[in-house]
Undergrad: 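Please find one structure pasted underneath; my questions will follow.
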There are 2 protein chains.
Amino acid sequence: MAKPPKQNSPITEHLAYLLAQANREINRQLELRLSKEGVPVEQWRILKVLSDGNGHSMGELADAVLLNHPTLTKMIDRMVSDTLVYRVQDPNDRRKVLMFISDRGKVLCKKLNSLAVDQEEHILESYGDKPTSELKRLLESLIDSSN
Amino acid sequence: MAKPPKQNSPITEHLAYLLAQANREINRQLELRLSKEGVPVEQWRILKVLSDGNGHSMGELADAVLLNHPTLTKMIDRMVSDTLVYRVQDPNDRRKVLMFISDRGKVLCKKLNSLAVDQEEHILESYGDKPTSELKRLLESLIDSSN
DNA sequence: CTTCAATTCTTGAATATTCAATATTTTCAA
DNA sequence: TTGAAAATATTGAATATTCAAGAATTGAAG
């Protein structure tokens with residue numbers, strides 16, 4: 001009797017790979033739009049989180065925008081130079097630094113938001129309304145179940 | 001009449017963000033497993049693609065494993081040093097280099113595959129069978145619709 | 001109170017990635 | 001057939017990221 005061929009699944013069937021591939025593609029598209037304003041995706045995320053007007057600590061921010069602490073510190077350094085955001089020492093816990101968005105940052109953030117909305121709309125068109133919201137739902141619950 | 005507050009959707013609702021977050025988390029888990037063999041995820045992908053025994057050009061490989069050409073070149077340099085893969089000039093088109101997996105590479109790849117399968121099983125358990133295959137289906141069709 | 005461990009952020013060195021330029025080979029039109 | 005354009009891979013310099021260590025502050029136990 002011949003062994004059944006232990007068919008090893010190709011890499012394209014792994015969830016990790018599909019996620020990486022989809023992420024890469026969607027990110028590439030978004031990057032392309034935001035490059036009109038010369039801003040990397042991560043900076044848009046930072047501006048968007050800060051645009052609630054509240055102060056956010058570096059740790060909080062790093063989690064929210066999916067960056068390591070040192071990487072975030074250096075990116076924030078650049079954004080401070082560009083006067084998009086500014087640092088304030090937290091008066092209640094002086095180990096912490098609170099980040100705020102500047103007026104210039106708010107103006108830029110609005111432009112970026114509309115570029116991003118363009119993309120979302122483009123996805124809705126080509127991919128469909130229902131699959132999009134279904135995909136979002138599934139991704140949220142995957143993330144939940146991973147904690 | 002007060003304007004309705006133009007509620008700007010938080011970043012956590014954007015598809016691009018959800019994909020990045022899910023990808024980061026799943027990739028982190030996979031990295032953790034593969035680190036048992038001291039191998040980065042990208043090298044596992046390379047080995048897996050090459051394990052069909054056929055020669056693959058650098059361009060083909062770069063597409064398949066989601067890496068830029070120069071990044072791939074340098075990663076392959078390391079893997080050649082580790083005798084996991086080797087280069088052969090394509091006899092039919094001498095601009096190309098064909099990559100092959102070595103015996104050592106095959107042995108390592110098998111170990112890595114089972115570590116990756118562990119992870120997939122862990123996801124199936126905590127996230128569920130049906131949501132997983134549904135998510136895969138949606139990701140594939142998103143990727144399709146983006147080309 | 002004092003001291004020691006934990007938390008938060010930043011820094012500098014090591015490592016990795018990217019961009020632009022280069023070298024080689026092939027393709028194809030004139 | 002020749003010469004210019006395209007395709008393929010690599011290199012080196014510029015840039016970005018990461019890891020490990022450091023500085024400052026807080027918390028909490030003795």
Side-chain angles (χ1 to χ4, degrees), chain A residues 20-21 23-25 27-32 34-35 38-46 49-50 54-82 84-100, chain B residues 20-21 23-25 27-32 34-35 38-46 49-50 54-82 84-100:
Chain A
Q21 198 181 1
N23 179 50
R24 186 179 162 91
E25 179 57 27
N27 205 57
R28 199 190 55 76
Q29 288 174 16
L30 182 55
E31 226 163 35
L32 202 65
L34 299 190
S35 72
V39 177
V41 175
E42 291 78 13
Q43 288 197 17
W44 171 57
R45 290 201 196 121
I46 292 171
V49 170
L50 296 186
N54 300 326
H56 293 264
S57 76
M58 292 295 281
E60 236 183 290
L61 249 190
D63 284 350
V65 305
L66 315 176
L67 288 177
N68 295 347
H69 285 218
T71 306
L72 178 64
T73 292
K74 284 155 192 171
M75 183 160 285
I76 288 287
D77 285 346
R78 291 190 282 269
M79 295 176 78
V80 169
S81 298
D82 295 341
L84 296 171
V85 301
Y86 56 95
R87 293 177 160 98
V88 175
Q89 196 173 64
D90 185 337
N92 295 119
D93 183 342
R94 288 182 320 188
R95 288 171 302 183
K96 294 186 184 174
V97 172
L98 297 180
M99 297 305 311
F100 290 90
Chain B
Q21 198 182 0
N23 178 51
R24 187 180 162 89
E25 178 58 26
N27 205 58
R28 199 190 54 76
Q29 288 175 16
L30 182 56
E31 226 164 35
L32 202 66
L34 299 190
S35 72
V39 176
V41 175
E42 290 79 12
Q43 288 198 16
W44 170 59
R45 290 202 196 121
I46 291 170
V49 170
L50 295 186
N54 300 326
H56 294 263
S57 75
M58 292 296 279
E60 236 183 292
L61 248 191
D63 284 350
V65 304
L66 314 177
L67 288 177
N68 295 347
H69 286 218
T71 307
L72 178 65
T73 292
K74 284 154 192 172
M75 183 160 285
I76 289 287
D77 286 346
R78 291 190 284 270
M79 295 176 77
V80 169
S81 297
D82 295 342
L84 297 171
V85 299
Y86 56 94
R87 291 178 162 100
V88 175
Q89 195 174 63
D90 186 337
N92 295 118
D93 182 343
R94 289 181 320 186
R95 289 169 301 182
K96 295 187 184 175
V97 171
L98 297 181
M99 297 305 312
F100 290 91

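Proteins come first, then strands; the chains are lettered A, B, ... in the order of their sequence lines, and each starts at number 1.
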Undergrad: At their closest point, which heavy atom of B:His69 faces which heavy atom of B:Ala62, and how far apart are they?
TA: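 Nearest pair, atom of B:His69 first, then B:Ala62: CD2-CB, 3.7 Å.
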
Undergrad: Would you mind reading off the distance between B:Asn92 atom CG and C:dT25 atom C1', rounded to a whole angstrom?
TA: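 Atom CG in B:Asn92 sits about 13 Å away from atom C1' in C:dT25.
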
Undergrad: A side-chain contact here means heavy atoms from C-beta on lying under 4.5 Å apart; do A:Met75 and A:Arg78 qualify?
TA: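 A side-chain contact under 4.5 Å exists here.
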
Undergrad: Within this structure, what is the CG-to-P distance between B:Leu72 and D:dT11, rounded to whole angstrom?
TA: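 Taking CG of B:Leu72 and P of D:dT11, I get 13 Å after rounding.
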
Undergrad: So if I take every side-chain heavy atom of A:Pro70 and compare against D:dA9, C:dC9, D:dA20, which nucleotide ends up nearest?
TA: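 Of D:dA9, C:dC9, D:dA20, D:dA20 is nearest to the side chain of A:Pro70.
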
Undergrad: Between B:Leu66 (CG) and C:dA16 (P), how many Å, whole number?
TA: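 Computing the B:Leu66:CG to C:dA16:P distance gives 19 Å.
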
Undergrad: Report the distance from atom CE of B:Met58 to atom P of C:dT24, rounded to the nearest whole Å.
TA: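 Nearest whole value for this atom pair: 18 Å.
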
Undergrad: Could you verify whether a donor N or O on one side chain and an acceptor N or O on the other, from A:Gln29 and A:Glu25, lie under 3.5 Å apart?
TA: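 The answer is yes; a qualifying pair exists.
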
Undergrad: Side chain of A:Met75 only, please: which of D:dT17, C:dC19, C:dC9 is the nearest?
TA: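 Nearest listed nucleotide: D:dT17.
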
Undergrad: Testing B:Leu50, B:Val65, B:Leu61 one by one against B:Arg45 for a side chain to side chain contact (heavy atoms under 4.5 Å, CB included), which residue passes?
TA: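 Between B:Arg45 and the candidates, side chain to side chain contact (heavy atoms under 4.5 Å, CB included) is satisfied uniquely by B:Val65.
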
Undergrad: Pick the nucleotide of DNA chain C nearest each of B:Glu42 and A:Glu60; which residue has the one closer to the 5' end?
TA: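 Taking each residue's closest nucleotide, the earlier one in sequence belongs to A:Glu60.
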
Undergrad: Round to a whole Å and report the spacing from CG of A:Asn27 to C1' of C:dT18.
TA: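 It is 15 Å, rounded to the nearest whole Å.
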
Undergrad: So, is A:Ser57 close to the C:dT8 phosphate, meaning a side-chain N or O under 4.0 Å from OP1 or OP2?
TA: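 False: A:Ser57 side-chain N/O out of range (4.0 Å or more) of C:dT8 OP1/OP2.
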
Undergrad: From the options C:dT10, C:dT25, D:dT25, select the nucleotide whose nearest atom is closest to the side chain of B:Asp93.
TA: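 Shortest atom-to-atom distance from the side chain points to C:dT25.
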
Undergrad: Would you please test A:Arg87 and A:Met99 for side-chain contact (heavy atoms from CB on, under 4.5 Å) and show each step?
TA: CA-CA 5 Å; A:Arg87 293 177 160 98; A:Met99 297 305 311; 3.5 Å; yes

Undergrad: Let me know, please, whether A:Thr71 or B:Val97 comes out on the 5' side of the other along DNA chain D by nearest nucleotide.
TA: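 So the residue in question is B:Val97.
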
Undergrad: Quickly work out the B:Met99 CE to D:dT10 P distance and round it to whole Å.
TA: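 After rounding, the reported distance stands at 8 Å.
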
Undergrad: With respect to the phosphate group of D:dT10, does any side-chain polar atom (N or O) of B:Thr73 fall under 4.0 Å of OP1 or OP2?
TA: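 Yes, such a contact exists.
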
Undergrad: Which nucleotide, D:dT18, D:dA9, C:dT17, lies nearest any side-chain atom of B:Lys74?
TA: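 My answer, after comparing the listed nucleotides, is C:dT17.
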
Undergrad: Expressed in angstrom and rounded to an integer, what is the separation of A:Arg94 atom CZ from D:dG27 atom P?
TA: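 The answer, rounded to whole Å, is 11 Å.
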
Undergrad: Please determine if a side-chain N or O atom of A:Asn68 lies less than 4.0 Å away from the OP1 or OP2 oxygen of D:dT18.
TA: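 For D:dT18, OP1 or OP2 has a side-chain N or O of A:Asn68 closer than 4.0 Å.
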
Undergrad: I'd like to know if A:Lys96 reaches the base of D:dT26 with its side chain, counting only an N/O donor and acceptor under 3.5 Å.
TA: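 Check fails, no donor-acceptor contact within cut-off.
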
Undergrad: Given D:dT25, D:dT17, D:dA13, identify the nucleotide with an atom nearest to the side chain of A:Arg95.
TA: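 So the side chain of A:Arg95 is nearest to D:dT25.
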
Undergrad: Figure out the CD1/P separation between A:Ile76 and D:dA16, and round it to whole Å.
TA: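 Answer to the nearest Å: 15 Å.
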
